[in-house]
Amino acid sequence: MLLATASNFAQYATDSIYYGSYFALISLSLSLLFGVMGLMNFAYGELIMAGAYVMYYTRSWGWLAMIVMTIIIVTVLSLLMELIAFRPLRRAEPVVLLITSFAVSYGLEALGWMTVGTGTQKGVEPYPWLTTQFDVSGVLLSKLEIVTWIVTGVLLLGMVVLIKRTSLGIQLRASTEDFRMAQLVGVRANWVISAAFGITGLLASAVALLFTFRSGAIAPDIGQGPLLIAFVGGVIGGLGSLAGAALGGFILGVVLNVLQATLPLSINNHFQLFAFAGVIAILVFQPNGLIAIRGQFARTWWGRLRNRPAAQQASA
C-alpha cells in the first residue's frame, strides 16, 4: 500500500511538472511584454492557434520542416502584430493597448473560424516515437514529457542568459524597470519592443508545438484556455517579475493538474473553481504576487538582523 501510494504521488508529480511547464513559458511571455510596454497581450492565444494550424498543414513535410515552419511563421506573426497593431499606439494609455489586444485576439480567432476552422475536426497526431512510454519504478514517462521538460528548461535557461549576459537583455531589463528613463539613456525603443515580440513569438511557437502534440485536436480557440490559466498564474507570481510570472504559471499548472487527478468524480469537472478560489485568496492578502511575498519576507528578516545589535547595545 505504501509503495503504491508513493508511486501514485510520483506519477502525479511528474504529470504536474509536465503540465505546468506550458504555463511557465506562456506566463514568461506575457510578463516580458507587460514589463516592457505595459501591454497584456491577450492575442497571445492566437499565436498558439497559428502554430497549431501550421503544424497541421505541414505535418506531411517531416518533423524538422514542420517545426522550422511553425517557429518562423509564429515569430513573424508576432512581429507583424507589433508593427501593425501596437506600434501606432505605443504612447497610448494602457487601457487602449488592452482593448487593442482584445480586438486583435477576437479578429484573428474569427478569421480562423471563417477559414481554417471550417469543415471536419482537425488534429495533429504526435509521432509514434514521442508517445513511447517508459516505466521507471512504477512511474510512466513518455518521450513527449521528457522533450517538454528539456525544451522548457533550455528556453528558461536561455532567457536567463539573454537577460543577464547580453546587451539586449540589459536593455530589456532597463525597459521593464522604467521604459521612459531607458529611452532617455539611449535604449532604442523600436529595437527593444520588436525584440520582445520576437522572443514571445519564439516561445509561443514552442508552446504551440508541445501543447498540440499533447492535445491532438486543434481549433481556432485552442490557445484561449492555456492563455487564461497562464495569465492568472502570472498575476500570482507577479507580472512585473519575469521569474515570478514563470513561477506563478508553473505553480498554477501544477495545482490544476493535481486537483484534476485527485478530486472526486462528483466535483472533478469544477477543479478550476477550487484553484481560482485559492488565487483570489492569495491576491486579497498579497496583490503584488509571490515574488513580492518573498521580497517582503526577506526585507523583514534583514531589518530584524540589522536592528538586533543595536537593541543588544541599548539593553547593555
Side-chain angles (χ1 to χ4, degrees), residues 12 15-49 94-95 97-106 109 148 152 155-156 159 176 196 200 203-204 206-208 210-211 214-215 219 221-263 267-296:
Y12 292 151
D15 291 344
S16 298
I17 293 172
Y18 169 51
Y19 192 62
S21 299
Y22 301 113
F23 305 112
L25 292 177
I26 301 175
S27 297
L28 179 65
S29 302
L30 296 177
S31 175
L32 181 62
L33 287 182
F34 183 79
V36 171
M37 58 182 300
L39 168 66
M40 181 49 59
N41 187 16
F42 284 101
Y44 190 90
E46 279 54 56
L47 294 178
I48 299 174
M49 173 199 74
V95 66
L97 293 174
L98 180 64
I99 293 172
T100 302
S101 75
F102 277 121
V104 173
S105 173
Y106 284 111
E109 184 178 332
T148 300
T152 302
L155 289 176
L156 292 178
M159 282 296 298
T176 56
T200 58
L203 295 175
V207 173
L210 297 172
F211 190 78
R214 179 182 184 272
S215 62
D221 59 354
I222 186 175
Q224 292 301 317
L227 174 68
L228 174 61
I229 294 173
F231 167 65
V232 175
V235 172
I236 295 174
L239 284 171
S241 166
L242 295 178
L247 177 63
F250 176 77
I251 289 176
L252 184 57
V254 168
V255 170
L256 286 172
N257 189 75
V258 171
L259 288 175
Q260 189 175 21
T262 57
L263 285 176
I267 57 174
N268 190 269
N269 290 334
H270 308 291
F271 68 97
Q272 291 188 0
L273 172 64
F274 297 94
F276 290 145
V279 169
I280 293 172
I282 291 174
L283 295 179
V284 165
F285 294 101
Q286 188 59 39
N288 293 326
L290 294 174
I291 292 298
I293 294 175
R294 189 183 69 175
Q296 182 179 357

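We number each residue from 1, following the sequence as shown. Heavy-atom basis, side chains included; hydrogens, waters and symmetry copies ignored.
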**OP:** Please assess Leu156 against Leu25 for the test side-chain contact (heavy atoms from CB on, under 4.5 Å), listing each intermediate value before the final yes or no.
**Re:** CA-CA 8 Å; Leu156 292 178; Leu25 292 177; 4.1 Å; yes

**OP:** Answer yes or no: is there a donor N or O on one side and an acceptor on the other, between the side chain of Ser31 and the main chain of Leu28, under 3.5 Å?
**Re:**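 No: the side chain of Ser31 does not pair with the backbone of Leu28.
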
Original post:
Can you tell me if Tyr44 uses its side chain to pair, donor with acceptor, with the backbone of Ile26 under 3.5 Å?
Top reply: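 Judged by distance alone, no pair lies under 3.5 Å.
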
**OP:** Grab the two heavy atoms, one from Leu98 and one from Met40, that are nearest each other, plus how far apart they are.
**Re:**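 Shortest heavy-atom separation between Leu98 and Met40 comes out as CD1-O, 4.0 Å.
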
Original post:
Can you name the nearest heavy-atom pair linking Leu39 to Ser101, along with the distance?
Top reply: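 For Leu39 and Ser101, the tightest heavy-atom pair comes out as CD1-CB, 4.2 Å.
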
Original post:
Can you pull the side chain to side chain donor-acceptor pair (under 3.5 Å) pairs that have at least one residue in residues 245-254, sequence neighbours excluded?
Top reply: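 Found none.
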
Original post:
Under the side chain to side chain donor-acceptor pair (under 3.5 Å) rule, what pairs show up with a residue in residues 244-259, not counting sequence neighbours?
Top reply: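 Of all non-adjacent pairs touching residues 244-259, those that pass side chain to side chain donor-acceptor pair (under 3.5 Å) are Ser16-Asn257.
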
**OP:** Sequence neighbours left out, what passes side-chain contact (heavy atoms from CB on, under 4.5 Å) with Ala196? Give chain and number order.
**Re:**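 In terms of side-chain contact (heavy atoms from CB on, under 4.5 Å), with neighbours along the sequence ignored, Ala196 is linked to Leu32, Leu33, Val36, Leu172.
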
Original post:
Under the ring-ring contact (aromatic ring centres under 6.0 Å, His included) test, which residues partner Phe34, sequence neighbours left out?
Top reply: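 Not a single residue meets the ring-ring contact (aromatic ring centres under 6.0 Å, His included) criterion with Phe34.
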
Original post:
Can you list the residues that meet the ring-ring contact (aromatic ring centres under 6.0 Å, His included) rule with Phe102, with sequence neighbours excluded?
Top reply: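 By the ring-ring contact (aromatic ring centres under 6.0 Å, His included) rule, Phe102 matches Phe42.
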
Subject >> Ile251 CD1 to Leu256 CG distance, which is reported to the nearest 0.5 Å >> reply: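 Atom-to-atom, Ile251:CD1 and Leu256:CG are 12.0 Å apart.
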
Subject >> Leu247 side, atom CG; Leu252 side, atom CG - distance, nearest 0.5 Å >> reply: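 Rounded to the nearest 0.5 Å, the CG-CG separation comes to 11.0 Å.
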
Original post:
Of all residues at least two apart in sequence or in a different chain, which pass the side-chain hydrogen bond (donor to acceptor under 3.5 Å, both in side chains) check with Tyr18?
Top reply: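 Listed in chain order: Tyr22.
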
**OP:** Report the residues that fulfil side-chain hydrogen bond (donor to acceptor under 3.5 Å, both in side chains) with Ser27, sequence neighbours left out, ordered by chain and then residue number.
**Re:**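 Here no residue qualifies.
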
Give the table of side-chain donor-acceptor pairs shorter than 3.5 Å for residues 221-231, with sequence neighbours excluded, one pair per line with atom names and distance.
residue : atom : partner : partner atom : Å
Gln224  : NE2  : Glu46   : OE1          : 3.3
Gln224  : NE2  : Glu46   : OE2          : 2.7

Original post:
Could you give all pairs that pass the ring pair (Phe, Tyr, Trp, His ring centres under 6.0 Å) test and reach residues 233-263, with sequence neighbours left out?
Top reply: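 Applying ring pair (Phe, Tyr, Trp, His ring centres under 6.0 Å) to every pair that reaches into residues 233-263, excluding sequence neighbours, yields nothing.
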
